[in-house]
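These notes concern the structure reproduced below.
Residue numbers start at 1 and run along the sequence shown. Basis for what follows: all heavy atoms, side chains included, without hydrogens, waters or symmetry-related copies. One-based numbering, in listed order, for ligands and for the atoms of each.
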Amino acid sequence: MRTFRMFILSLFIFNLLLVIPGTARTLTDGQIENKVNELLGKMTLKEKIGQMVQYSYSGSHGSKMQEEAIRQGLVGSFLNGESIADINRLQKIAVEETRLGIPLIFGRDVIHGFRTVLPIPLGQAASWNPHLIEAGNAIAAREARANGVHWTFAPMLDICRDPRWGRIAEGLGEDPYLASQLGAAMTRGFQGNDYSAPDRLAACAKHYVAYGAAEGGRDYNTTAVSERQLREIYLPPFRAAVNAGVATIMSAFNEIDGIPASGNQFTLRTVLRDEWQFKGFVVSDWSSMTEMLNHGFCVDEKDVALKSLTAGVDMEMVSEAYIHHLENLVNEKQIASELIDESVRNILRIKFKAGLFDNPYTPEGGEKVLLTPANQNVAREIARQSLVLLKNEKHLLPLAKNLKRIAVIGPLANAPHDQLGCWVLDGHQEYTITPLKALQDYFGKETEILFAEGLKTSRTTRTDGFDQAFKYASLADAVLLFMGEEAILSGEAHSRAFLELPGAQEKLIEEIAKLNKPTVMIILAGRPLTFHQVAEKVGAIIYAWHPGTMGGPAIVDVLFGDYAPSGKLPVSFPKTVGQIPVYYAHKNTGRPPSPNQKGIPMGTPLDPVAFVSNYLDVDVMPEYPFGYGLSYVNFEYSNLKLSTDKLKMGETLEISVQVKNSGKMAADEIVQLYIRDLVASITRPVKELKGFKRITLKPGERQVVNFKLQTDDLAFYNQQMKMMAEPGKFHLWAGKSAVDGLQAEFWIVE
Ligand code: BGC
């Protein structure tokens with residue numbers, strides 16, 4: 001651990017050194033504004049509109065029309081450039097063959113790493129480690145920028161409480177506080193202090209906003225959230241990214257309470273510009289503007305252009321409403337030319353800040369920074385910290401290192417493409433280290449690794465591989481089952497209605513379980529799955545998400561005790577799809593159920609057993625709660641102390657709790673702080689996360705962990721939609737998860 005911290009430190013120092021000489025942006029914001037205005041003064045209306053156009057690069061064969069458009073100053077940006085040479089070629093046209101030489105900005109989806117693929121963002125979130133996430137995304141930035149990318153369409157900050165939604169993989173979980181902390185860290189990782197540096201990218205917080213609340217978990221679907229839910233749940237991570245200086249924002253596909261996100265003046269102007277003072281630019285999601293025709297919000301493409309610009313979308317991704325209609329709309333005085341100027345200013349400002357006017361080209365040789373041992377180390381560390389130990393009966397894990405034979409079974413044991421997860425444009429599967437490969441590398445000749453996948457893919461129902469798997473398992477001292485879902489089952493437009501392990505996986509587990517061998521299930525997946533029945537049949541379960549390039553070694557580190565697992569769930573796991581949405585920060589309701597109550601005893605008369613808010617056939621508790629994750633050691637919590645139990649408005653509450661590692665190895669714990677505001681003018685959730693700290697403790701070591709809460713941290717949007725704390729009684733917990741912890745109480749007094 002210490003070596004790793006030293007490594008991270010040296011990485012930051014190295015970055016600083018790399019940035020200081022000559023590459024740091026030397027212009028002040030005021031000087032940039034002058035340059036923007038000077039340039040704007042020289043631009044024709046057509047050229048201005050050109051800056052607001054983003055095309056998807058159509059490849060070196062079909063690009064003649066696009067090249068001509070650049071030459072005429074009718075394009076401001078591309079996404080999906082193919083190679084450094086390609087990108088430089090197009091850039092050269094913009095810089096050398098147009099009247100004003102304004103450089104293009106090239107965007108790309110660098111979602112969880114570039115060539116070195118990090119765990120999916122939901123997995124990164126399970127690390128609850130902002131510093132590490134910052135370091136990981138700094139690596140993604142370095143690899144991408146050196147290969148011609150100026151701008152990433154990340155971080156994805158959509159709060160999601162529905163694991164059916166395939167894009168839950170790309171986000172940071174269910175909680176606004178956690179996602180805000182981690183999303184800001186990602187933003188800092190991509191951008192550093194100065195994204196004109198040759199190893200940084202401009203970032204894009206997406207998808208603004210409430211995209212993760214899609215009905216039924218169906219991608220692109222309707223969201224009907226109130227302004228209060230927007231402000232309490234969906235907006236905070238975006239605000240945190242804006243506060244962290246995010247360069248751009250992407251407007252989403254969905255409608256929000258009847259108004260599509262790309263035509264939404266409330267979210268794009270009132271909140272983003274007026275309240276948050278956002279100074280970067282807004283790009284629409286891919287054709288999300290013209291999709292407002294399907295939404296039934298616009299009458300034709302011209303109406304699309306009018307409504308999008310009025311709402312505040314500065315750049316149009318792929319569809320062509322702006323290029324076709326903005327000029328006419330200005331000439332017909334339906335749109336004030338000032339609105340166009342404002343958008344172009346926003347775009348040029350970011351192009352200056354990204355250093356594109358000084359350094360428009362990318363030097364060849366970008367492959368040199370890819371997949372370096374240092375990058376792989378960071379990817380391995382994030383993967384290790386993302387692993388969540390869900391079950392460990394009778395301390396089955398860690399496994400002994402001197403086993404004679406280990407059976408490695410399952411469709412995800414050696415699936416180099418699938419363990420990378422969704423949204424991997426630049427990761428190459430030949431660099432993936434799978435669990436099988438890592439196990440073979442880890443053990444010498446003394447341990448035999450018996451590999452039988454059992455099932456060719458996660459979805460197949462063909463059981464002809466079962467016999468071999470059963471045979472190997474019967475010969476082994478321990479069985480490792482690598483189950484889950486393949487990459488294609490999560491991500492954009494890849495929602496699922498059933499969340500069980502797909503195909504014949506459950507059958508395979510049941511077969512192997514008949515042998516009563518020490519059996520560990522490792523699940524690789526893009527979302528929380530439901531596996532209640534089979535969980536009972538194995539001794540231990542590790543949730544590994546899609547862990548990326550270095551997933552194999554990270555899993556082996558944990559299986560054999562070289563690293564004690566420390567990940568905690570960033571999202572609640574349902575027992576069954578019927579419980580969705582299940583999340584920890586729910587309201588109490590007027591008829592709260594007792595947590596584990598379910599069912600009606602046989603022969604119950606028509607009288608109610610209890611008219612409370614629950615199900616007849618399952619209780620309301622999740623299978624695994626938010627914040628949950630076991631370790632190889634036990635952490636004892638004691639001495640929860642508050643500096644006062646009566647807090648005046650404006651004062652700070654100091655909280656301390658002692659945590660002891662009572663186990664036999666060094667391990668990390670993520671200490672979590674929750675509160676409940678018991679009575680307020682607006683009903684409050686039964687728990688809200690307000691702080692967390694990752695600590696490392698040696699065997700027997702204790703540490704006092706401190707938190708501070710100001711009364712502002714306890715504020716919420718009141719009936720007048722003003723952010724205010726109210727006097728009253730609060731509960732507070734410090735503990736291991738959302739359902740566990742020492743409890744205290746305090747009051748805010750007037
Ligand atoms: C996705 C975005 C992505 C964009 C560009 C869209 O389909 O929703 O997340 O950034 O494509 O690739």
Test of proximity, [X] against ligand 1: N or O pairs below 3.5 Å:
X      : answer
Trp286 : no
Asp109 : yes
Tyr211 : no
Asn80  : no

query: Ring centres of Phe281 and Trp151 under 6.0 Å apart?
result: yes

Using distance alone, with no hydrogens and no angle criterion, decide if [X] and [Y] have a side-chain donor and acceptor under 3.5 Å apart.
X      : Y      : value
Gln419 : Thr432 : no
Glu47  : Gln51  : no
Asp158 : Tyr234 : no
Glu316 : Ser284 : no
Thr549 : Gln376 : no

- request: For ligand 1, indicate whether the residue Trp423 contacts it via side chain, backbone, both or neither (heavy-atom separation under 4.0 Å).
  value: side chain

Which of the ligand 1 atoms, numbered from 1, are nearer than 4.0 Å to a heavy atom of [X]:
X      : result
Phe153 : 10 (O)
Leu79  : 5 (C), 12 (O)
Arg167 : 1 (C), 2 (C), 8 (O), 9 (O)
Lys206 : 2 (C), 3 (C), 9 (O), 10 (O)
Met250 : 10 (O)

task: Dump the intermediate steps for side chain to side chain contact (heavy atoms under 4.5 Å, CB included) on Arg239 and Leu235, then the final yes or no.
output: CA-CA 6 Å; Arg239 178 162 214 176; Leu235 288 170; 5.8 Å; no

query: Does ligand 1 have any atom sitting under 4.0 Å from a heavy atom of His207?
result: yes

- request: Identify, for atom 2 (C) of ligand 1, the protein heavy atom at the shortest distance, and state residue, atom and that distance.
  value: Asp285 OD1, 3.3 Å

- prompt: When you look at Ile133 and Asn137, which way does the side chain to side chain contact (heavy atoms under 4.5 Å, CB included) test go after all the steps?
  reply: CA-CA 6 Å; Ile133 287 179; Asn137 288 282; 3.6 Å; yes

